[in-house]
There are 4 protein chains.
Amino acid sequence: MTIPAPLTGVVPPVCTPLTPDREVDVPSLLRLVDHLVGGGVHGLFVLGSSSEAAFLRDGQRRLVVESVVAHVAGQLPVLAGAIDMTTPRVLDHVAAVTAAGADAVVVTAPFYALTHPAEIARHYRLVAAASPVPVVAYDIPAAVHTKLPADVVLDLAAEGVLSGLKDSSGDLGGFREVVSGARNRSDIRGFSVLTGSELVVDAALAMGADGAVPGLANVDPHGYVRLDGLCRSGDWEGARGEQERLCGLFGMVRVGDSGRMGGSSSALGAFKAALHVRGVIDCPVTAEPQVPLSPDEVERVGKFLATAGLL
Amino acid sequence: MTIPAPLTGVVPPVCTPLTPDREVDVPSLLRLVDHLVGGGVHGLFVLGSSSEAAFLRDGQRRLVVESVVAHVAGQLPVLAGAIDMTTPRVLDHVAAVTAAGADAVVVTAPFYALTHPAEIARHYRLVAAASPVPVVAYDIPAAVHTKLPADVVLDLAAEGVLSGLKDSSGDLGGFREVVSGARNRSDIRGFSVLTGSELVVDAALAMGADGAVPGLANVDPHGYVRLDGLCRSGDWEGARGEQERLCGLFGMVRVGDSGRMGGSSSALGAFKAALHVRGVIDCPVTAEPQVPLSPDEVERVGKFLATAGLL
Amino acid sequence: MTIPAPLTGVVPPVCTPLTPDREVDVPSLLRLVDHLVGGGVHGLFVLGSSSEAAFLRDGQRRLVVESVVAHVAGQLPVLAGAIDMTTPRVLDHVAAVTAAGADAVVVTAPFYALTHPAEIARHYRLVAAASPVPVVAYDIPAAVHTKLPADVVLDLAAEGVLSGLKDSSGDLGGFREVVSGARNRSDIRGFSVLTGSELVVDAALAMGADGAVPGLANVDPHGYVRLDGLCRSGDWEGARGEQERLCGLFGMVRVGDSGRMGGSSSALGAFKAALHVRGVIDCPVTAEPQVPLSPDEVERVGKFLATAGLL
Amino acid sequence: MTIPAPLTGVVPPVCTPLTPDREVDVPSLLRLVDHLVGGGVHGLFVLGSSSEAAFLRDGQRRLVVESVVAHVAGQLPVLAGAIDMTTPRVLDHVAAVTAAGADAVVVTAPFYALTHPAEIARHYRLVAAASPVPVVAYDIPAAVHTKLPADVVLDLAAEGVLSGLKDSSGDLGGFREVVSGARNRSDIRGFSVLTGSELVVDAALAMGADGAVPGLANVDPHGYVRLDGLCRSGDWEGARGEQERLCGLFGMVRVGDSGRMGGSSSALGAFKAALHVRGVIDCPVTAEPQVPLSPDEVERVGKFLATAGLL
């Protein structure tokens with residue numbers, strides 16, 4: 001399907017359920033998709049950071065896209081990450097995920113080798129030239145150690161290279177610059193500005209963002225859809241209440257924060273534990289080399305669910 | 001062939017010559033290998049950072065290993081990088097490069113997702129369990145944004161998980177801790193400690209390092225082999241002179257340092273320009289999205305070669 | 001005077017005008033204070049980062065506090081930074097600025113030496129024990145290279161050690177955690193949560209923040225006071241418009257962004273140039289070793305003022 | 001006294017013993033000076049990072065310089081740190097420590113505010129213009145979050161602004177560039193290149209460095225003086241052995257490395273505990289807000305002393 005321009009609403013980065021031996025658990029994945037679609041989300045983003053794309057083999061990535069695209073059958077747009085270190089490798093992923101049916105690709109700045117704004121622009125131009133579908137920039141400095149400059153993003157939008165931005169930088173000032181530029185510059189049309197920051201979706205939408213890509217929406221899609229609706233109707237007080245409930249729920253990402261594992265193990269482990277506790281997926285295991293949560297930590301995830309009214 | 005334990009001497013990370021349309025230029029690659037072997041190097045490391053591994057598609061990576069392994073035909077060991085974000089993806093590269101004939105694999109800490117020493121250890125254990133050849137740890141914080149802790153490396157050496165370390169961290173104090181530990185701990189045998197720091201190879205060898213993996217050895221293998229020999233013979237004054245000549249030559253990595261490109265474009269562009277000027281490779285192009293050197297910058301590379309007596 | 005608990009509204013970090021030979025220009029400073037008070041601000045913060053506190057000698061710091069406190073004569077609260085590397089040195093500044101009449105002190109985490117959350121808590125406890133006035137924590141990782149953890153701030157608030165937070169971290173998610181904690185924890189009362197992020201004051205107030213400490217309010221106090229009023233009256237659409245006008249004006253901080261100087265020279269140089277152009281201060285010079293703006297850069301500052309309707 | 005040009009040998013950064021109520025313990029300080037001078041050191045550096053200069057009030061700093069200068073009475077040169085955030089504040093410290101008799105001042109790049117190479121050069125030019133004694137640059141990125149570029153240092157040396165460099169950056173490649181430049185450039189004479197890296201003093205001297213400023217020399221001055229002598233006599237094998245013994249001893253800096261405190265508390269706490277155990281100083285307390293070592297951690301310091309043959 002053709003992706004809306006701009007894409008609006010809630011577009012969760014879909015977790016990738018795994019079997020105990022760490023293959024993609026397709027039935028659980030499709031149940032998760034049903035859970036999200038049933039929650040009213042407006043699009044799906046597979047193979048993002050919350051999807052453990054960095055941990056999935058090429059065949060697993062392909063299987064995820066094919067399974068989800070076939071299952072949703074055009075009901076809503078499916079964006080797919082093409083996460084790799086540099087242009088040539090990203091191009092291979094773009095070819096793979098679009099062959100599998102993705103409606104748009106989501107691409108970070110180059111990483112591993114030292115990079116530069118001129119190289120970032122060159123990267124996106126080459127990707128867009130080769131991609132049969134729109135390209136969304138993915139700003140995630142915690143992973144790629146480069147911040148996408150707002151002016152680079154806006155200039156590439158004006159050139160027609162980029163069709164949107166997923167901003168997981170946490171820098172709401174820079175985000176606002178892109179939101180304003182996308183609205184005010186006469187050479188930019190239909191550009192989607194999406195926040196990846198779970199904790200400030202209300203603020204991002206109040207600034208004029210088009211939508212949100214919150215990892216936590218895996219656990220509580222209804223909450224984020226409600227939040228989006230409250231913002232669109234101008235009920236900012238109601239939105240704040242809903243957002244604060246979700247902020248409380250987000251505390252689950254720190255259950256493993258005891259020095260025994262890294263932040264990815266803790267956060268993705270908590271999302272999957274919550275999906276398992278809620279009965280959506282069969283097995284809460286995360287990909288290697290992430291450290292699993294302990295039973296006690298999983299129990300604490302359950303308490304977050306209970307407090308947020310999800311049990 | 002079985003890799004020596006420890007591996008000693010000069011083991012250049014072999015540049016990957018490309019054609020103008022950025023495919024692997026196999027004839028140039030084999031001429032480069034001949035240039036290195038003719039210079040007396042003691043091993044070859046393909047698919048490292050200086051090889052632009054981060055920029056090579058999977059098929060290109062495979063072609064590099066197959067071509068080099070077939071060409072050297074067991075004359076000297078060929079190590080191959082298996083550079084990717086996480087364990088499952090690294091395992092696929094390990095399978096590919098060992099199928100292509102690599103004698104050892106070189107593996108970084110996980111990157112992109114946040115990691116942790118416990119996850120790094122888990123990563124190397126899983127890689128070693130699946131690898132048919134020895135595993136060398138690759139410490140390169142500038143690329144992966146994590147420093148391998150000396151105690152983690154030494155404990156994994158004692159466990160038999162790691163057979164060596166390539167240290168490109170620039171932290172000679174931490175490097176020394178590994179050198180001393182590898183020599184003094186009774187539970188560690190035959191572990192190779194190799195420096196990737198072009199500018200302090202004499203110091204590293206004086207500390208007891210087994211060898212060096214200098215990117216600049218692509219340009220001047222004879223120089224590094226001479227340096228290695230001087231160190232082994234205890235001629236520290238001669239070694240210092242040779243090292244200082246090489247330090248002067250290394251200045252070429254900054255020819256592009258004018259704000260127009262990143263450090264990778266400048267350094268790898270300079271190495272390839274030098275190999276082109278010296279007549280070793282046909283085309284100095286670097287992989288996308290790196291910015292090419294200007295004619296003026298290439299001319300400055302030539303001056304570095306002249307000053308170092310290589311023209 | 002006793003500082004309100006919580007302190008609300010707009011509390012600009014007051015620039016420190018200098019004479020051409022870089023002594024404190026007291027008449028200009030008092031004109032600036034009149035400009036701010038006339039603009040309707042709710043408090044003044046002297047000796048903050050925008051005040052160039054890091055560049056002022058002890059005698060100059062004292063002169064600033066004495067001059068401002070005497071001039072405002074209790075009309076509105078005066079907070080003073082006590083910016084130094086560690087507890088003993090901060091304590092001397094606390095003694096000096098409170099002797100000079102400051103109504104509250106604003107204190108960062110320790111810097112220069114490596115620190116730790118336990119040491120940060122110890123630092124604030126010692127400062128509070130010795131301070132005759134309330135202590136506000138100043139979270140400014142760009143300067144001190146440590147982020148104040150939300151739980152440490154909240155626990156120190158509950159202990160009565162901290163009376164407020166000025167958050168210049170740019171991390172609105174963490175900021176929200178403090179806002180919510182300060183409102184919801186029954187053991188915390190009257191704690192002031194203030195944002196230092198010029199570009200998202202509307203969002204911070206919408207989240208429930210008490211006020212803002214925007215450096216740009218030196219240039220346009222009326223704008224920030226208007227913004228604060230619109231937020232308090234629930235006119236979020238009006239607030240957004242005013243905030244966006246201020247975001248446009250804020251672009252002036254980058255006029256020196258050409259590689260010739262650092263970010264502090266550019267931003268503080270622009271604020272002072274704007275105050276000079278607007279006729280508030282006599283001389284736009286910044287403290288050493290900052291690089292001055294060029295005439296062309298100053299002209300661009302003027303264009304930002306014109307666009308924002310301030311000329 | 002006039003400082004030698006270049007200054008050579010071992011110049012310890014002298015710890016500052018404190019009384020239980022954290023005033024400077026002058027008798028212990030002078031005993032420590034005697035311990036160092038008796039160990040054969042070639043100069044003293046007071047008010048450096050290992051001296052806890054960042055934690056000392058202005059009056060305490062002055063007392064340290066006056067006490068040490070009076071005590072050594074010209075037997076050997078006394079360098080003093082003038083550690084503060086920016087030029088104007090550094091100038092006040094320069095005036096104070098030179099009035100107190102320092103033979104040279106040691107000055108870092110500006111910190112706290114964002115800086116730039118042009119501002120760093122301006123800073124050193126202003127400091128040198130105002131200083132009655134030679135100025136040594138102090139490169140300590142872990143504290144000031146800027147690396148002094150080798151070319152900036154060398155150009156300032158050629159201008160006569162800087163008379164030396166204390167390099168605590170850990171980057172031996174960059175250090176070597178300064179060593180070589182200082183020796184080979186015809187416009188530079190008598191410039192002192194000193195390493196602050198305890199673990200690689202042998203390597204630094206082998207490269208041609210003039211001397212070392214090792215914090216650990218407080219604990220074992222005889223060892224570092226022996227190491228310096230072995231290097232000067234060209235006994236590199238003997239030097240390596242002595243250096244490795246000192247590397248083992250240096251392990252004490254991690255006794256507090258259990259998550260309970262920061263690196264400064266652990267390292268400086270260990271040095272002071274060792275000096276206390278060795279009977280040199282009366283009280284091992286460190287300045288606030290550092291966390292004290294536990295009895296168990298102090299016991300481990302004792303084991304390091306025993307292993308190194310110092311008990």
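Chain naming here is simple, since letters A, B, ... match the order of the sequence lines and numbering starts at 1 in each.
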field: Set of residues satisfying salt bridge (Lys or Arg N to Asp or Glu O under 4.0 Å) with respect to C/Arg62, sequence neighbours excluded
entry: none
message: Holding to side-chain contact (heavy atoms from CB on, under 4.5 Å), I want the full list of residues that pass it with D/Leu63, two or more places apart in sequence or in another chain.
response: D/Val24, D/Val26, D/Ser67
- request: With a 4.5 Å heavy-atom cut-off (strictly below), which parts of residues 121-137 of chain C touch chain D? List them by number.
  value: C/Arg122, C/His123, C/Leu126
Residue among [options] with most heavy-atom pairs under 4.5 Å to chain D:
| options | answer |
| --- | --- |
| C/Met85, C/Met261, C/Gln60, C/Arg89 | C/Arg89 |
| C/Ala267, C/Ser265, C/Pro117 | C/Ser265 |
| C/Leu91, C/Thr108, C/Asp58, C/Val144 | C/Asp58 |

- prompt: If you tally heavy-atom pairs under 4.5 Å against chain C, which of D/Arg61, D/Arg22, D/Glu52 wins?
  reply: D/Arg61
query: In terms of heavy-atom pairs under 4.5 Å, which option from D/Ile120, D/Thr115, D/Ile83 contacts chain C the most?
result: D/Ile83
message: Treating D/Glu119 as the side-chain partner and C/Gly262 as the backbone partner, does any N or O pair qualify as donor plus acceptor under 3.5 Å?
response: yes
message: Main chain of C/Gly259, side chain of D/His116: is a donor-acceptor contact present, judged purely on distance under 3.5 Å?
response: yes
statement: Cut-off 4.5 Å, heavy atoms of chain D, and the answer for C/Pro110 is side chain
field: Segment of C/Leu56 engaging chain D (4.5 angstrom heavy-atom cut-off)
entry: backbone
statement: With sequence neighbours left out, the residues meeting side chain to side chain donor-acceptor pair (under 3.5 Å) with C/Ser50 are none
Heavy-atom pair with the smallest gap, counting every atom of [X] and [Y]:
| X | Y | value |
| --- | --- | --- |
| C/Val291 | D/Ala118 | CG2-CB, 4.4 Å |
| C/Pro88 | D/Phe55 | CG-O, 3.1 Å |
| D/Pro289 | C/Thr87 | CD-OG1, 3.1 Å |

Option among C/Thr86, C/Asp84, C/Asp92 that satisfies the side-chain hydrogen bond (donor to acceptor under 3.5 Å, both in side chains) test with D/Arg57: C/Asp92
field: Toward chain C, the part of D/Ala54 with a non-hydrogen atom under 4.5 Å
entry: both
task: Could you verify whether a donor N or O on one side chain and an acceptor N or O on the other, from D/Tyr112 and C/Ser49, lie under 3.5 Å apart?
output: yes
